[in-house]
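Structure, as structure tokens:
Whatever order the structure lists ligands and atoms in, that order sets their numbers, starting from 1. Heavy-atom basis, side chains included; hydrogens, waters and symmetry copies ignored. Fair warning: this is a prediction, and the values are worked out from it, not measured in the lab.
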Amino acid sequence: MHKNYVIDEMISAKSIAARVEALAKDISEHFAGTDKLVVVGLLRGSFIFIADLVRELDLPVEVDFLEASSYGNSTESSREVRILKDLRGEIEGRDVLVVEDIVDTGHTLHHVLHLLEARNPARLMTCALLDKPSRRETGVKADYIGFEIPDEFVVGYGIDYAQRNRNLPYIGSVRFTS
Ligand code: IMP
């Protein structure tokens with residue numbers, strides 16, 4: 001079932017760390033003074049990114065997780081997104097930062113934002129480690145973006161191919177050899 005592939009390093013661990021630090025600085029400045037920020041990680045791909053990001057934030061934060069899964073034919077223009085695991089906490093009146101690994105077509109983020117907006121947070125912002133703008137099928141754009149990347153399939157730093165390679169410390173591009 002697994003095709004043969006090699007992984008070419010695209011973004012080094014060092015570059016990721018520097019970018020995460022810069023993002024955290026911008027986010028800390030934006031939310032300065034808040035005592036009610038909830039950082040929401042979208043499982044599973046954001047787990048390493050959110051762990052590094054919250055440790056660089058100069059703010060009191062709570063951390064919560066939400067798991068969404070897309071299904072159906074990915075070539076369809078409107079993909080459905082299911083919520084597999086909802087937040088544990090309430091977000092009404094709270095400042096919320098949604099953290100995603102990659103914004104690809106944008107359907108996941110679009111759906112999650114729609115869901116969370118209905119719960120009346122005070123502020124709702126988004127941060128994605130990677131953005132593939134050429135793949136977008138929705139109008140959604142993250143407020144904070146780590147790196148814009150071309151339309152390549154990537155793994156590492158929490159991101160998987162068939163559940164593998166999440167533990168790579170860098171972002172690599174998958175090249176199929178058969
Ligand atoms: P979207 O709904 O199309 O924006 O999909 C976002 C989700 O698809 C991401 O959170 C990832 O889990 C997954 N995804 C998109 N591109 C890649 C990739 O290059 N490698 C691994 N997973 C990806």
(request) Please say whether more than 12 non-hydrogen atoms of neighbouring residues, nucleotides or ligands are located less than 6.0 Å from NZ in K85. (result) yes

(request) For K132, take its heavy atoms, then give the atoms of ligand 1 lying under 4.0 Å from any of them. (result) 16 (N), 17 (C), 18 (C), 19 (O)

(request) Please test V174 against V154 for side-chain contact (heavy atoms from CB on, under 4.5 Å), starting from the C-alpha separation and ending with a verdict. (result) CA-CA 6 Å; V174 173; V154 294; over 6 Å; no

(message) Is the distance from the ring center of Y170 to that of Y157 below 6.0 Å?
(response) no

(request) Return yes when at least one protein heavy atom is under 4.0 Å from atom 13 (C) of ligand 1, and no when none is. (result) no

(request) Just let me know how E152 lines up against ligand 1, side chain, backbone, both or neither, with a heavy-atom cut-off below 4.0 Å. (result) backbone

(request) Report yes or no: does H110 have a heavy atom closer than 4.0 Å to ligand 1? (result) no

(request) Please work out whether any backbone atom (N, CA, C, O) or any side-chain heavy atom from C-beta onward of D160 is under 4.0 Å from ligand 1, and answer side chain, backbone, both or neither. (result) backbone

(message) For a quick check under 3.5 Å, do T34 and D95 share a side-chain donor-acceptor pair by atom type?
(response) yes

(request) Please confirm whether the backbone N or O of V40 pairs with a side-chain atom of D64, one donor and one acceptor, at under 3.5 Å? (result) no

(request) I would like to know whether L87 and R119 meet side-chain contact (heavy atoms from CB on, under 4.5 Å); could you show each step before the answer? (result) CA-CA 11 Å; L87 299 178; R119 299 179 188 179; 3.9 Å; yes

(request) Identify the protein heavy atom lying closest to atom 11 (C) of ligand 1, giving its residue, its atom name and the separation to 0.1 Å. (result) D101 OD2, 3.6 Å

(message) Which residue and atom name correspond to the protein heavy atom nearest atom 15 (C) of ligand 1, and how close is it?
(response) D104 CB, 3.6 Å

(message) Looking only at protein heavy atoms, which one is nearest to atom 1 (P) of ligand 1, and what is the separation?
(response) T105 OG1, 3.3 Å

(request) May I ask you to identify, for I159, whether its side chain, its backbone, both or neither come under 4.0 Å of ligand 1 on a heavy-atom basis? (result) side chain

(request) Flag V155 as yes when one of its N or O atoms lies below 3.5 Å from any N or O atom of ligand 1, and as no otherwise. (result) no

(request) Give the residue and atom name of whichever protein heavy atom lies nearest to atom 6 (C) of ligand 1, and the separation in Å to one decimal. (result) I102 O, 3.5 Å

(message) If the contact criterion is a heavy-atom separation under 4.0 Å, does G106 count as touching ligand 1?
(response) yes

(request) Give a yes or no on whether E90 atom CD has more than 12 heavy-atom contacts from other residues, nucleotides or ligands under 6.0 Å away. (result) no

(message) Give me the residue, atom name and distance of the protein heavy atom closest to atom 2 (O) of ligand 1.
(response) T108 OG1, 2.5 Å

(request) May I ask you to check whether V154 has an N/O atom sitting below 3.5 Å from an N/O atom of ligand 1? (result) yes

(message) Please report whether atom 8 (O) of ligand 1 has a protein non-hydrogen atom at a separation of less than 4.0 Å.
(response) no

(request) Taking R44 for its side chain and I159 for its backbone only, find out whether a donor-acceptor pair lies under 3.5 Å. (result) no

(request) Have a look at ligand 1 and work out which part of E100, if any, has a heavy atom under 4.0 Å from it: side chain, backbone, both or neither. (result) side chain

(request) Indicate yes or no: at least one non-hydrogen side-chain atom of I11 is less than 4.5 angstrom from one of I149. (result) yes

(message) Using a 6.0 Å cut-off, check whether atom NE2 of H30 has over 12 heavy atoms from anything other than its own residue.
(response) yes

